[in-house]
Enquirer: 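Structure incoming, see below.
Order of the sequence lines sets the chain letters (A, B, ...), proteins ahead of strands, with each chain counted from 1.
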Amino acid sequence: MDATNRLVAGVLAEISDLLEIHGENPFKVRAYARAAEVVGHLGRSVAGMNEDELEALPGIGKAIAEKVREIAETGTCREQARLREATPQGLPALLNLQGVGPKTVRRLWKELGVVGLDDLEAAARAHRIRALRGFREKKEHEILRAVGVARRGTDRMSLTEAEHLADVMLAAIPGEAWVAGSLRRGRSTIGDIDIVTLAPVRETAHSLARVADEVIDAGEKKISIRISGRRADVRFAAPKDLGAMLLYLTGSKAFNIRLREVARIPGMRLNEYGLTDHKTGELRQFRTEDEVFAALGMSPVPPELREDRGEVDLALEGNIPPLVDVQEIRGDLHVHSEWSDGTMSLEEIAAAGEERGYEYMLVSDHSASLGIAHGLDAPRLARQQVAIEQVNRTSGCTLLAGVEVDILADGKLSLPDESLQNCDLVIASVHSAFGQDEDVMTRRVITAIEKRDVDIIGHPTGRLIGRRPPVAIDMERVIRAAAENETALEINASPGRLDLDDIYIKQAQERGVRLAIGTDAHAAPELAYLRHGVALARRGWCGPGDILNTRSLADLLERRG
DNA sequence: GCCGTTTTCGGCCCGACTGTTTTCAGTCG
């Protein structure tokens with residue numbers, strides 16, 4: 001995300017939390033929270049927008065537009081300062097505790113003098129919480145447990161972890177079940193697991209309790225558990241109303257709210273059971289999501305687009321753009337072999353490509369430079385190209401002779417031009433000096449983009465999910481340069497990277513930049529990551545024409561002239 | 001604070017579950 005947008009979104013979200021603690025109008029609280037979301041997912045920087053442009057954004061009116069300008073210019077605003085003055089610093093963090101909301105935080109503060117996590121834990125241990133009216137032993141235990149969970153950290157899950165936990169749950173549930181929530185929407189990180197099932201309630205509760213750390217709550221309609229430290233929700237449906245339930249549990253929350261607003265216009269109420277006519281009270285049920293969309297007069301919205309970023313209005317006009325499908329992918333555009341730090345031989349890569357029905361695989365081993373073991377220098381790259389030719393004589397899947405060349409700290413590449421000219425396709429990536437400041441890093445990457453022989457910029461922001469933040473880089477400038485030079489940007493499909501992020505993919509797609517999906521596989525099982533890359537491309541509104549991997553081998557090679 | 005196919009005031013998505021309740025507030029998704 002753009003640094004200014006991140007800053008502004010953070011301040012607006014904090015104002016929302018503080019207003020909530022002070023018992024302000026809930027709709028005002030929501031207005032700030034929504035504005036924070038909108039700014040956080042904006043493709044362009046609010047730093048360059050005037051108040052008129054800001055007010056044109058959904059959920060941003062005169063008052064918030066002024067504050068956005070103030071925050072963008074000064075890093076804060078008077079409203080934030082005023083609220084911070086009136087509120088102990090540690091209080092907003094308490095809102096994140098499971099089972100603790102604004103009303104509770106306020107009472108703990110006013111009646112017990114609690115101003116942070118440590119205070120709260122001490123108060124609970126001293127049994128001072130159960131002394132409050134309306135609170136008893138159970139609430140005190142709940143709070144202590146929530147403090148423990150918070151101290152262990154509550155980072156979002158990687159896709160790998162989330163898919164594993166979902167599989168464990170699907171295996172435990174005695175009946176048909178579907179993954180919903182952010183996992184179904186293809187998000188890069190997952191907060192909790194959501195599942196819809198047709199299985200019977202009682203048996204499901206029993207078998208889930210066996211795989212769970214803890215059952216958070218269990219009723220007739222839903223079960224919430226903690227599994228391997230993560231939260232999971234299961235909702236029960238019947239075949240005749242499965243559509244509305246899947247739609248509801250897939251979300252996102254913002255999308256659901258928009259959809260329910262759409263339903264209200266003709267006097268309907270949308271919930272997870274169907275559409276109710278306000279006047280007659282009649283409930284219409286739906287077996288599939290598409291039937292719900294049809295009843296609302298919309299074309300179906302693919303799960304990956306359900307974020308309230310303009311897709312609802314397009315669906316109402318019947319103008320949802322076609323998105324790239326995994327079936328349309330003709331090859332993997334980033335694979336490592338045993339020639340550098342991978343484990344697959346060239347023959348194994350070709351065989352794996354054939355097995356997947358691909359036309360081609362881009363062999364893109366690391367170039368020799370600091371930090372990368374067994375990188376290829378010019379002579380070894382030349383020898384690899386001979387070996388690739390040999391494999392291609394008998395392989396049904398063509399190996400493209402490529403390389404993932406390092407972009408050095410000064411923007412130069414770590415292989416000579418002649419070496420790069422002999423490649424079918426060249427990926428250029430940053431693997432060192434991650435700490436450069438934004439302008440230096442941006443110019444460094446743009447220097448590589450402008451090189452004639454560079455076809456793709458690998459993992460453009462360099463983030464490692466949960467381990468390393470993205471480098472400081474002005475993606476708007478990078479995307480403009482990529483458009484001007486017809487250089488593609490990579491969608492790195494490895495669950496540890498998922499780089500680019502969807503908001504930049506969309507921005508690149510809008511400017512006509514091509515995107516290349518690569519698994520960055522270092523071993524055969526990692527070739528399956530491709531589907532994550534496709535999901536990410538879909539989240540960035542990419543159609544088949546935006547994706548390099550949908551091109552035929554001949555078309556792809558034509559790029560090099 | 002935002003917003004307009006019941007427009008410039010008066011609404012604002014909707015329901016499940018828990019705890020401490022004797023009818024509901026608070027929290028969550």
Side-chain angles (χ1 to χ4, degrees), chain A residues 12 15-16 19-21 23-38 54-68 79 94-108 129-130 132-143 145-146 180-182 191-196 201 205 215-225 231-237 241 244-245 247-276 278-279 283 296-297 308 312-313 316:
Chain A
L12 293 176
I15 290 175
S16 174
L19 289 172
E20 199 173 25
I21 290 170
E24 265 281 3
N25 175 0
F27 299 106
K28 185 170 166 179
V29 171
R30 190 183 129 192
Y32 276 97
R34 167 134 199 258
E37 284 283 314
V38 168
L54 289 169
E55 280 189 54
L57 296 172
I60 296 185
K62 193 163 172 47
I64 293 186
E66 278 172 20
K67 292 183 178 70
V68 170
E79 179 72 347
L94 302 185
L95 290 174
N96 297 327
L97 297 173
Q98 175 85 46
V100 177
K103 300 286 195 298
T104 307
V105 169
R106 187 176 170 78
R107 289 196 58 199
L108 291 167
I129 289 173
R130 65 179 66 171
L132 295 182
R133 230 170 73 87
F135 288 179
R136 282 161 79 162
E137 225 180 300
K138 207 146 188 182
K139 189 74 186 174
E140 203 168 75
H141 288 310
E142 188 188 352
I143 285 176
R145 197 166 55 224
S182 52
D192 59 17
I193 308 285
D194 293 298
I195 290 176
V196 176
V201 176
V215 176
I216 297 169
D217 47 41
E220 286 300 306
K221 317 242 173 174
K222 65 176 281 198
I223 296 173
S224 300
I225 63 171
R231 188 187 170 103
D233 294 315
V234 177
R235 289 295 303 254
F236 298 96
D241 63 5
M245 184 61 81
L247 188 64
Y248 159 72
L249 205 61
T250 298
S252 65
K253 185 173 177 175
F255 175 80
N256 283 349
I257 290 175
R258 274 287 284 139
L259 223 52
R260 288 166 177 192
E261 285 168 357
V262 167
R264 289 177 62 90
I265 294 167
M268 314 279 269
R269 188 174 75 236
L270 176 64
N271 62 24
E272 60 264 53
Y273 305 110
L275 266 175
T276 307
H278 254 315
K279 284 209 186 75
L283 173 71
L296 292 172
D308 189 23
V312 173
D313 290 328
L316 284 166

Enquirer: Output all residues satisfying side-chain hydrogen bond (donor to acceptor under 3.5 Å, both in side chains) with Asp313(A), sequence neighbours left out; order by chain, then residue number.
Expert: Arg258(A)

Enquirer: Which part of the nucleic acid, if any, lies within reach of Ser224(A) when heavy atoms closer than 4.0 Å are counted: base, sugar-phosphate only, or nothing?
Expert: nothing

Enquirer: Once you apply the 3.5 Å cut-off to both distances, tell me the Watson-Crick or G-U wobble partner of dT8(B), or none.
Expert: none

Enquirer: Under the side chain to side chain contact (heavy atoms under 4.5 Å, CB included) rule, collect the residues that match up with Glu220(A), sequence neighbours excluded.
Expert: none

Enquirer: Calculate the interatomic distance between Leu132(A) atom CG and dG26(B) atom C1'; express it in whole Å.
Expert: 15 Å

Enquirer: Pick one for dT7(B): is it syn, with its angle within 90° of 0, or anti?
Expert: syn

Enquirer: Could you pull out all residues at least two apart from Val215(A) that satisfy side chain to side chain contact (heavy atoms under 4.5 Å, CB included)?
Expert: Ala209(A), Ala218(A), Ile225(A)

Enquirer: Mark yes or no for a side-chain to base donor-acceptor pair under 3.5 Å between Asn25(A) and dG1(B), with no hydrogen or angle criteria applied.
Expert: yes

Enquirer: Please compare Asn96(A) and Pro266(A) by the position of their nearest nucleotide in DNA chain B and report the one closer to 5'.
Expert: Pro266(A)

Enquirer: Just to be sure I understand the rule, does Arg130(A) reach a base, reach only the sugar-phosphate, or reach nothing, if contact means heavy atoms closer than 4.0 Å?
Expert: nothing

Enquirer: Contact class for Ile60(A) vs. all strands (heavy atom < 4.0 Å): base, sugar-phosphate, or nothing?
Expert: sugar-phosphate

Enquirer: Taking side-chain hydrogen bond (donor to acceptor under 3.5 Å, both in side chains) as the test, write out the residues that go with Arg231(A), two or more places apart.
Expert: Gln98(A), Ser224(A), Asp233(A)

Enquirer: I need a per-nucleotide contact map over nucleotides 13-18 of chain B, read 5' to 3'. Cutoff is protein heavy atoms under 4.0 Å; write B for the base, S for backbone only, - otherwise.
Expert: BBSSSS

Enquirer: Hey, is Arg264(A) close enough to Glu261(A) for a salt bridge, meaning N to O under 4.0 Å?
Expert: no

Enquirer: Taking atom C1' in both dT23(B) and dT18(B), compute the distance separating them and give it to the nearest angstrom.
Expert: 15 Å

Enquirer: Using a cut-off of less than 4.0 Å, is there contact between a side-chain N or O of Arg34(A) and OP1 or OP2 of dC12(B)?
Expert: no

Enquirer: What integer distance in Å separates Ile129(A):CD1 from dT20(B):C1'?
Expert: 16 Å

Enquirer: Could you give all pairs that pass the side chain to side chain donor-acceptor pair (under 3.5 Å) test and reach residues 265-276 of chain A, with sequence neighbours left out?
Expert: Arg235(A)-Glu272(A), Arg235(A)-Tyr273(A)

